[in-house]
Amino acid sequence: MNHSAIEEINGMNNVFIFDHPLIQHKISLMRDKHTSTKDFRDLASEVAMLTCYEVTRDLPLESYELETPIGPCQAKRLAGKKLALIPILRAGLGMVDGMLRMIPSAKVGHVGLYRDPETVKPVEYYCKLPEDIENRDCIVLDPMLATGGSALAAVEFLKNRGVQNIRFVCLIAAVDGVKKLHESYPDVPIFCAALDEKLNDHFYIIPGLGDAGDRLFGTK
Ligand code: PRP
Ligand code: URA
């Protein structure tokens, strides 16, 4: 746990950092530069699945009656709006399978953004969302929250399409990115598995895990 980074986000009540030992262990393996593409991909999916437990903690339930083999039972099931997962391409794709294993009926919308290497600003190149997106609660997925530009653009995009309830889930966040997203959209909870203090001169998270997209897809 990076205590000085944690201090920097002190008071932000909509930011959640997972301290579960399994998540911390798997994040360390992902950070390791010797971890293979295959293992990195598996780990991203596993961590996403584990985070899903907390990210969906406040989903509403309703009671209904069913019959067990022994007799009647007052049971509970998910109620409320349907869900959509919104991975930010490309690296967000690495978190989709893990999440879908827990919430298989969620629809998936894709937002394609890349960081321009010169300006570091997000450039949109693709978007395909479920038709009824404004009637869904959205979980935006991206392993990395660095400057926050990409996350902000994705959230803004969904808000402009009428989505009211958005959660943002990442694996590693930098303090800068958390502050930027939280200040712009304090209603959007930010979930991350690790919080790192800084960005380097190329706006990569230090120590981070490198380029998440390249490590997931073996492109470098
Ligand atoms: C990475 C990452 C985020 C973004 C984070 O994507 O997956 O989308 O950078 O940086 P930011 O917070 O400063 O915007 P990248 O642009 O490298 O594209 P890729 O997923 O296609 O590799
Ligand atoms: N994108 C990444 O993939 N890694 C970083 O550290 C920052 C942006």
Side-chain angles (χ1 to χ4, degrees), residues 2 5 8-9 12 14-15 17 26-33 35-37 39-41 43-45 47-48 51 85-99 108-129 138-159 166-185 188-220:
N2 184 330
E8 290 218 48
I9 61 150
M12 296 185 194
N14 227 0
V15 180
I17 302 164
K26 287 174 190 291
I27 287 290
S28 301
L29 295 175
M30 293 186 77
R31 287 186 191 273
D32 189 335
K33 68 176 184 183
T35 296
S36 70
T37 300
D39 288 347
F40 188 90
R41 200 181 291 142
L43 286 160
S45 184
V47 176
T51 64
L85 302 177
I86 314 291
I88 300 180
L89 305 181
R90 92 223 95 147
L93 288 175
M95 299 170 70
V96 173
D97 283 357
M99 285 268 169
V108 182
H110 297 86
V111 175
L113 295 171
Y114 72 88
R115 278 199 330 182
D116 183 293
E118 299 295 317
T119 64
V120 201
K121 298 263 180 289
V123 181
E124 188 195 323
Y125 62 90
Y126 186 76
C127 178
K128 184 79 181 172
L129 300 174
C138 289
I139 304 177
V140 178
L141 306 174
D142 194 328
M144 309 305 279
L145 177 63
T147 65
S150 306
L152 209 75
V155 167
E156 203 163 79
F157 196 74
L158 292 171
K159 293 239 175 203
I166 302 172
R167 297 152 212 240
F168 180 82
V169 189
C170 62
L171 302 186
I172 301 193
V175 170
D176 281 4
V178 171
K179 282 185 176 164
K180 186 163 169 178
L181 185 55
H182 183 75
E183 278 162 21
S184 306
Y185 295 109
V188 173
I190 302 170
F191 298 89
C192 59
L195 181 71
D196 286 3
E197 215 172 331
K198 286 198 202 117
L199 301 174
N200 69 11
D201 293 344
H202 302 285
F203 299 95
Y204 274 80
I205 301 174
I206 333 178
L209 50 68
D211 189 304
D214 283 338
R215 295 199 64 190
L216 272 169
F217 298 109
T219 38
K220 236 179 215 164

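All values derive from a computational prediction rather than experimental measurement. Both ligands and their constituent atoms are indexed starting at 1 by order of listing.
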For ligand 2, which atoms sit closer than 4.0 Å to a heavy atom of Gly210?
2 (C), 3 (O), 4 (N), 5 (C), 6 (O)
If we ignore hydrogens and angles and just use 3.5 Å, is the side chain of Arg115 paired with the main-chain N or O of Phe203 as donor and acceptor?
yes
Name the closest protein heavy atom to atom 7 (C) of ligand 2, giving the residue it belongs to and the distance to 0.1 Å.
Ala146 CB, 3.6 Å
Test side-chain contact (heavy atoms from CB on, under 4.5 Å) on Ile86 and Val140; report intermediate values, then the result.
CA-CA 5 Å; Ile86 314 291; Val140 178; 4.3 Å; yes
Using a 4.0 angstrom limit on heavy atoms, which residues are close to ligand 1?
Leu89, Arg90, Ala91, Tyr114, Arg115, Asp142, Met144, Leu145, Ala146, Thr147, Gly148, Gly149, Ser150, Asp211, Gly213
Relative to atom 6 (O) of ligand 2, which among Ile206, Ile172, Ile205, Leu216 owns the nearest non-hydrogen atom?
Ile205
Hey, does the side chain of Arg31 reach the backbone of Gly208 with a donor-acceptor pair shorter than 3.5 angstrom?
yes
Is the shortest distance from a Lys or Arg side-chain nitrogen in Arg215 or Asp39 to a carboxylate oxygen in the other one below 4.0 Å?
no
List the steps, then state whether side-chain contact (heavy atoms from CB on, under 4.5 Å) holds for Phe40 with Leu209.
CA-CA 10 Å; Phe40 188 90; Leu209 50 68; 3.9 Å; yes
Kindly say whether Asp97 contributes a backbone atom to a donor-acceptor pair with the side chain of Ser45 at under 3.5 angstrom?
no
Look up atom CZ in Phe217 and atom CG in Asp211, then write down how far apart they are to the nearest 0.5 Å.
11.0 Å
Atom 5 (C) of ligand 2: which protein heavy atom is closest, and how many Å away?
Tyr204 CD2, 3.3 Å
Ligand 2 contact by Arg215, heavy-atom criterion under 4.0 angstrom:
no
One finds that the ligand 2 atoms under 4.0 Å from a non-hydrogen atom of Ala212 are 2 (C), 3 (O)
Distance-only donor-acceptor check, side chains Thr147 and Asp176, under 3.5 Å:
no
Enumerate the atoms of ligand 2 whose separation from the nearest heavy atom of Phe203 is less than 4.0 angstrom.
7 (C)
Rounded distance [0.5 Å steps], CE in Met30 versus CG in Leu216:
6.5 Å
